[in-house]
Amino acid sequence: MNKQEMFALINANPAFHLATVEGDQPRCRGMFLFSADEKDGILFHSGVMKDVHHQIVGNPKVELCFNDLKNGVQVRVSGKLEIVEDNALKDRICAHPSRAFLKPWRESGELKDFYNQFKVYRLKNGKAVSWTMATNFAPKEIVTL
């Protein structure tokens with residue numbers, strides 16, 4: 001797969017698994033992509049109260065795994081996350097129809113400073129590999145996203 005095909009698969013399959021490390025233990029959980037493209041990289045978010053945030057702060061090296069189950073294709077992307085402190089981006093994320101679940105949190109007033117509690121993570125220049133049953137035993141072809 002080339003870079004454009006990988007971004008297309010990632011955006012078409014926004015539920016992904018994120019692997020982090022906590023101490024010497026691996027941790028993996030499902031996450032929900034916000035967007036992925038060549039300009040902005042792979043963007044997703046969480047809250048500072050979550051274990052995943054503390055794991056990312058402690059060790060920003062991660063792996064993301066996207067699956068197109070219908071076509072039997074997997075794309076894994078490894079790299080180092082950065083925390084994006086861009087309130088305009090956070091506003092854009094919260095306004096997106098797929099993020100309606102954020103509106104009550106943002107407007108509840110329970111959090112004194114929503115912008116500091118809501119974190120956006122970016123993976124740029126990640127090393128990606130694709131996998132299918134047909135390519136199961138072929139050498140990996142690494143694509144920089």
Side-chain angles (χ1 to χ4, degrees), residues 1-133 135 140-145:
M1 294 182 83
N2 65 35
K3 184 187 295 193
Q4 290 72 29
E5 291 168 328
M6 287 183 176
F7 277 127
L9 182 143
I10 288 168
N11 282 299
N13 299 277
F16 68 96
H17 285 89
L18 171 68
T20 60
V21 175
E22 182 176 42
D24 66 347
Q25 293 296 307
R27 303 287 184 223
C28 186
R29 87 278 292 140
M31 299 292 286
F32 191 49
L33 174 76
F34 177 66
S35 67
D37 61 38
E38 200 163 347
K39 177 182 171 262
D40 292 324
I42 299 171
L43 296 170
F44 63 98
H45 55 82
S46 188
V48 299
M49 70 294 291
K50 301 281 193 161
D51 290 342
V52 67
H53 173 73
H54 299 287
Q55 293 158 10
I56 290 167
V57 169
N59 182 352
K61 293 179 183 177
V62 298
E63 186 166 88
L64 291 64
C65 183
F66 295 87
N67 287 285
D68 176 350
L69 298 175
K70 182 179 177 186
N71 295 303
V73 182
Q74 180 181 85
V75 171
R76 292 182 10 235
V77 187
S78 62
K80 187 175 179 180
L81 290 177
E82 65 176 297
I83 297 175
V84 181
E85 296 296 352
D86 179 344
N87 290 348
L89 174 60
K90 291 177 183 182
D91 289 339
R92 197 172 99 227
I93 291 170
C94 289
H96 195 275
S98 70
R99 296 307 193 270
F101 64 91
L102 292 173
K103 187 175 181 179
W105 179 40
R106 184 174 188 204
E107 295 177 354
S108 71
E110 291 176 27
L111 298 175
K112 292 180 181 176
D113 190 352
F114 176 79
Y115 290 122
N116 287 329
Q117 299 292 315
F118 180 60
K119 296 298 178 185
V120 177
Y121 310 99
R122 176 191 335 252
L123 180 61
K124 281 198 81 149
N125 301 312
K127 303 303 180 197
V129 295
S130 62
W131 176 92
T132 68
M133 286 300 286
T135 63
K140 292 178 184 174
E141 293 183 31
I142 298 173
V143 175
T144 300
L145 298 183

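Since the model is a prediction, treat every value here as computed from it, not as a measurement.
- At least one side-chain heavy atom of V73 sits under 4.5 Å from a side-chain heavy atom of M1.
- Nearest heavy-atom pair, L89 versus V84, reported as atom, atom and distance to 0.1 Å: CD2-CG1, 3.9 Å.
- Residues satisfying the side chain to side chain contact (heavy atoms under 4.5 Å, CB included) test with D51, not counting sequence neighbours, are Q55.
- Looking only at side-chain heavy atoms (C-beta outward), N2 and V143 stay at 4.5 Å or farther from each other.
- For the ring-ring contact (aromatic ring centres under 6.0 Å, His included) test, residues two or more places apart in sequence or in another chain that qualify with H96 are F34.
- F16 places none of its side-chain heavy atoms less than 4.5 Å from the side chain of V77.
- For the pair V75 and A128, the tightest heavy-atom approach, listed with the atom from each and the gap, is CG1-CB, 4.4 Å.
- Side-chain atoms of L145 and L123, non-hydrogen and from C-beta on, never get closer than 4.5 Å to each other.
- Remark: K61 NZ is loosely packed, at most 12 non-hydrogen atoms of other residues, nucleotides or ligands lying under 6.0 Å away.
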Side chain to side chain contact (heavy atoms under 4.5 Å, CB included) for T20 and N59? Distances and angles first, verdict last. CA-CA 8 Å; T20 60; N59 182 352; over 6 Å; no
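- Closest non-hydrogen pair, P14 versus N11, comes out as CD-O, 3.8 Å.
- In terms of the side chain to side chain contact (heavy atoms under 4.5 Å, CB included) criterion, residue partners of Q74 (sequence neighbours excluded) are, by chain and number, C65, N67, R76, W131.
- Among residues at least two apart or in separate chains, salt bridge (Lys or Arg N to Asp or Glu O under 4.0 Å) pairs with a member in residues 8-36 are E22-R27.
- Nearest heavy atoms, P104 versus A100: CD-O, 3.4 Å.
- Within the structure, salt bridge (Lys or Arg N to Asp or Glu O under 4.0 Å) contacts touching residues 82-91 (residues at least two apart or in different chains) are E82-R122, E85-K90, E85-K119, D91-R106.
- In terms of modelled atom types and a separation under 3.5 Å, the side chain of H54 and the main chain of V48 share a donor-acceptor contact.
- Closest of all the heavy-atom pairs between F32 and S98 is CE2-O, 4.1 Å.
- Across all non-hydrogen atoms, the minimal contact from T144 to K127 is OG1-NZ, 2.9 Å.
- K80 pairs by the side chain to side chain contact (heavy atoms under 4.5 Å, CB included) definition with P60, not counting sequence neighbours.
- Between W105 and F114, the angle of the ring planes goes over 60°, which puts this pair in the perpendicular group of the 30/60° scheme.
- Taking the six-membered ring where the residue is Trp, Y121 and H53 present tilted rings, their angle falling between 30° and 60°.
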